Amino acid sequence: MGLRALFRPSVILRTSPSCTDPSGEILYFSIFHVLKSTLALSNASEPVSQQKNEKGSNRWFTLPPYTATVNGSILGNRIMNGGGQAELGASTAAITALKWVIRCCPELPRSLVQKLFRLRKVRRGSSMIENSEYNLEARDQLKRVAAKDILNVGDQIFLPMSVQVFSTEKTRDYCNKEEETFMHSLVLHKDPAILVINKPPGLPVQGGIGVKRSLDELAASCLSYGYSEPPRLVHRLDRDSSGILIMGRTSTSTSLLHSVFREKTFEASKHANHVDSEKKILLKRYWALVIGSPRRSKGLITAPLGKIVLDDGRSEQIMVIDNAEPMPFQQAITQYKVIKSHHGYTWLELCPLTGRKHQLRVHCAEVLGTPIVGDYKYGWQAHKNWKPFCSNFHKNQGKKQFLPFGLDFESGSIAENNPRLHLHCKQLTLPDVSFALHNDSLDRDCSRLECLELDAPLPSYMQKSWDIINS
């Protein structure tokens, strides 16, 4: 099979200069569309001038010229801290040749890209060369580029067309029509920079041992909406919890959001005893149904957390650590207030000011003494003698709805023998990342940045528990 035939079904070219995505970024080449490929390099030791096909055209695969991009990490820091004009010089991100190739060709295996650089088969040239396709002499002057070399604005990367593709089945699972419709129904908000999903309970956020389907994998299959880059995770939710989950739609917006979440945790940890409750640039509000009631209707929990390893390293558990104990810990801060208390249960609003693993579950169980309903890991003692809440409310329910991926939103309320985890990220205040990335006037004043107010409805079983307690 000829080289041209091998590439025809798998190369997607977007060559129109006006073909940009809604965020203003170039829609990059996507070399391998649906194939998991075994790749080998043919003998490319011949001089560049000899690497022409039968028609005499050059055998280089040309990437788009590098354009200056925003440094998402620094911009995120400025948003959280109101950075001023003095920081403008660092607002543009420098990028290496390796990162540019990976960004332009997200389906190209990273191992192959690194091998091309190691074998010195990647070239760099000026964007002027693209406009002179028949100037073979100019293309012969391309210079080798190393993976760590920093690109200048207008530079272009040329990959050898000597890469042979042997098609094999790709292991990645794609959604069928029903699954795709379901995934689209989870989207709460979409703009050029971010994707907001109401994560269903029972669906893991990331893959791992024993995980067949994960949200990040499904989002890459169903929720790219024409972007060459798949959505990327910004933060995580436990498998059994639900609610608002933010994903970045581009590498720049993801970097910015990572910086915003990281800076939020850093500032809260640094000023643990002087938390600024008025600073609401990033604020997450969870709803949780707990067993019992806190002694105070509202308060601030500042209890550091540490990790202990159990079962010979096969599992781990988070626990509150005394500062005097000689073991590593992370500062963890949570604001809470009572929403409603009745029949021995309490609905709490929890606002984590730091982002630690299992923070809310441990703070509720160990500090407040009110474990979350359905939390068998940290509230197992409270569930040993669990008795379903006696109510006629749940008896007249409609026909059970069957959802993709084996999910179930109906069962698990407090009226059942085995309640599910009642922890849901209901509201989130987030900086308008899309506006920040595409509004030059913010270079001088980040304090004017508007915020997005997001809200996710409760899953059915939690709504049932709410209705039962209030009935």
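Keep in mind that this is a model prediction, so the values were computed, not measured. As a basis for the values below, the full set of heavy atoms in this structure was taken, side chains included, without hydrogen atoms, waters or symmetry mates.
- For the atom pair CD of Glu217 and NZ of Lys212, the computed distance is 13.0 Å after rounding to the nearest 0.5 Å.
- Atom CG of Asn417 is separated from atom OG of Ser411 by 11.5 Å, given to the nearest 0.5 angstrom.
- Checked against salt bridge (charged side-chain N to carboxylate O under 4.0 Å, His left out), Asp455 has the following partners two or more places apart in sequence or in another chain: Lys426.
- Under the side-chain hydrogen bond (donor to acceptor under 3.5 Å, both in side chains) criterion, Thr334 pairs with Gln359, His363, sequence neighbours left out.
- Residue pairs meeting the salt bridge (Lys or Arg N to Asp or Glu O under 4.0 Å) criterion with at least one member in residues 194-211: none, sequence neighbours excluded.
- Taking the side-chain hydrogen bond (donor to acceptor under 3.5 Å, both in side chains) definition, one finds that Asp216 meets it with Ser214, sequence neighbours left out.
- Residue pairs meeting the salt bridge (Lys or Arg N to Asp or Glu O under 4.0 Å) criterion with at least one partner in residues 355-368, sequence neighbours excluded, are Asp238-Arg361, Glu316-Lys357, Arg361-Asp375.
- Not a single ring-ring contact (aromatic ring centres under 6.0 Å, His included) links His189 to another residue, sequence neighbours left out.
- Take Thr254 and apply the side-chain hydrogen bond (donor to acceptor under 3.5 Å, both in side chains) test, not counting sequence neighbours, and it matches no residue.
- Under the side-chain hydrogen bond (donor to acceptor under 3.5 Å, both in side chains) criterion, His358 pairs with Tyr378, sequence neighbours left out.
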**OP:** Apply side-chain hydrogen bond (donor to acceptor under 3.5 Å, both in side chains) to the pair Asn176 and Glu180, showing each step before the final yes or no.
**Re:** CA-CA 6 Å; Asn176 58 36; Glu180 185 174 352; over 6 Å; no
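- With sequence neighbours left out, the side-chain contact (heavy atoms from CB on, under 4.5 Å) criterion links Lys99 to Ile95, Thr96.
- Taken to the nearest 0.5 Å, the OG1 atom of Thr354 stands 13.5 Å off from the CZ atom of Phe266.
- Phe405 is linked by a side-chain contact (heavy atoms from CB on, under 4.5 Å) to Glu179, Phe182, Met183, Arg213, Leu218, Leu407, counting only residues two or more places apart in sequence or in another chain.
- Checked against the 6.0 Å centroid threshold, His383 and Trp380 do not count as a close aromatic pair.
- Atom CD1 of Ile372 and atom NE2 of His424 lie 13.0 Å apart (nearest 0.5 Å).
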Mind listing the side-chain donor-acceptor pairs of residues 342-350 below 3.5 Å, one per line with the distance, residues two or more places apart or on another chain?
| residue | atom | partner | partner atom | Å |
| --- | --- | --- | --- | --- |
| Thr346 | OG1 | Gly292 | O | 2.6 |
| Thr346 | OG1 | Ser341 | OG | 3.0 |

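- Looking only at atom types and distance, the side chain of Ser255 has no donor-acceptor partner in the side chain of Thr252 under 3.5 Å away.
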Original post:
Yes or no on side-chain contact (heavy atoms from CB on, under 4.5 Å) for Leu423 and Leu360, after CA distance, side-chain angles and deciding distance?
Top reply: CA-CA 9 Å; Leu423 179 63; Leu360 299 181; 4.2 Å; yes
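- Scanning for side-chain contact (heavy atoms from CB on, under 4.5 Å) contacts around Ala382 gives Ile291, Pro371, with sequence neighbours left out.
- Tyr286 and His422 have their aromatic ring centers separated by at least 6.0 angstrom.
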